[in-house]
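Heavy-atom basis, side chains included; hydrogens, waters and symmetry copies ignored.
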Amino acid sequence: QVQLVESGGGLVQPGGSLRLSCAASGSIFSIYTMGWYRQSPGKHRELVAAITNGGSTNYADSVKGRFTISRDNVKNTVYLQMNSLKPEDTAVYYCKVECRIGITTPRGAYWGQGTQVTVSS
């Protein structure tokens, strides 16, 4: 029904930058909020940043001023630009998309497969 393909993770040194992408495809009628979450070993999955279809954004306090979320509504893609990365940013990053697959279907949440981000010297 809905497929999410993430890319852009990898290994980066502290202070470096990465850009994550998440493209949604399939039987999508309308997309609402798109977001990025992360999970590191032994911790709960946490919200990193989210953006509504109106362009409003929300960030975790730990990434404010360093990360920027954006979206391309034509490409059904959400991005996360991560600057000034710190070792504590190391985690698996997941995208989440809220969308409808039909005009009469309720809104549903779909998750990407996750992409590893490792910040280390």
- [ ] May I ask you to test the V2-S27 pair for a side-chain heavy-atom distance under 4.5 Å?
- [x] no
Open item on the list: For the residue pair T90 / E88, report whether a side-chain donor-acceptor contact shorter than 3.5 Å exists.
Closed with: no
Open item on the list: Using 0.5 Å steps for rounding, measure from the CD1 atom of I31 to the OG1 atom of T77.
Closed with: 8.0 Å
Task: Minimum heavy-atom distance Y93-E6, with the two atoms named - done: O-OE1, 3.1 Å
Task: Interatomic distance, Q1 atom CD to T105 atom OG1 [nearest 0.5 angstrom] - done: 9.0 Å
TODO: Treat each ILVMFWY residue as a node, draw an edge where side-chain heavy atoms are under 4.5 Å apart, and state whether V117 and Y79 are in one component.
DONE: no
Task: Non-hydrogen side-chain atoms of V48 and L80 separated by less than 4.5 Å - done: yes
Open item on the list: If I compare all heavy atoms of Q39 with all of K43, which pair ends up nearest, and what's the gap?
Closed with: NE2-O, 3.1 Å
Task: Salt-bridge present (K86, D89; N to O < 4.0 Å) - done: no
Open item on the list: Please tell me whether W111 and Y37 form a close aromatic pair, meaning their ring centres lie under 6.0 Å apart.
Closed with: yes
Task: Heavy-atom pair with the smallest gap, counting every atom of L4 and C95 - done: CD1-SG, 3.9 Å
Task: Approximate separation, where rounding is to 0.5 Å, of T33 OG1 and I51 CD1 - done: 9.5 Å
Open item on the list: Regarding S17 and N83, do their side chains bring together a donor and an acceptor under 3.5 Å, going by distance alone?
Closed with: yes
Task: Reported CE-to-OG1 distance for the pair M34 and T57, which is rounded to 0.5 angstrom - done: 14.5 Å
TODO: Can you spot which of V92, L47, V63 makes a side-chain contact (heavy atoms from CB on, under 4.5 Å) with R38?
DONE: V63
TODO: Apply the test side chain to side chain contact (heavy atoms under 4.5 Å, CB included) to residues N53 and R71: give CA-CA distance (whole Å), side-chain angles for both, the deciding distance (0.1 Å), then the verdict.
DONE: CA-CA 9 Å; N53 53 349; R71 61 191 284 171; 4.0 Å; yes
Task: Heavy-atom check, side chain of T52 versus side chain of Y32, under 4.5 Å - done: no
Open item on the list: Let me confirm one number: the CE-CZ distance from M82 to R19, rounded to the nearest 0.5 Å.
Closed with: 11.5 Å
TODO: Taking the side chain as every heavy atom from C-beta outward, state whether Y110 and C99 have any pair of such atoms under 4.5 Å apart.
DONE: yes
- [ ] Taking all heavy atoms of S120 and all of P14, pick out the closest pair and write down the distance.
- [x] C-CD, 3.6 Å
TODO: Check the hydrophobic clustering (I, L, V, M, F, W, Y; side-chain heavy atoms under 4.5 Å; chains of links allowed) and say if L85 and Y94 are grouped together.
DONE: no
TODO: Provide the closest heavy-atom pair for L20 versus G9 in the form atom of the first, atom of the second, distance.
DONE: CD2-N, 3.6 Å
Open item on the list: Closer than 3.5 angstrom, by distance alone: can the side chain of R66 be matched with the main-chain N or O of S84 as a donor-acceptor pair?
Closed with: yes
Task: Euclidean distance, S62 OG relative to E46 CD, rounded to 0.5 Å - done: 5.5 Å
Open item on the list: Counting C-beta onward and ignoring hydrogens, is there a side-chain heavy-atom pair between T118 and Q116 closer than 4.5 Å?
Closed with: yes
Open item on the list: For A24 versus I28, what's the shortest heavy-atom pair and its separation?
Closed with: CB-CD1, 3.8 Å
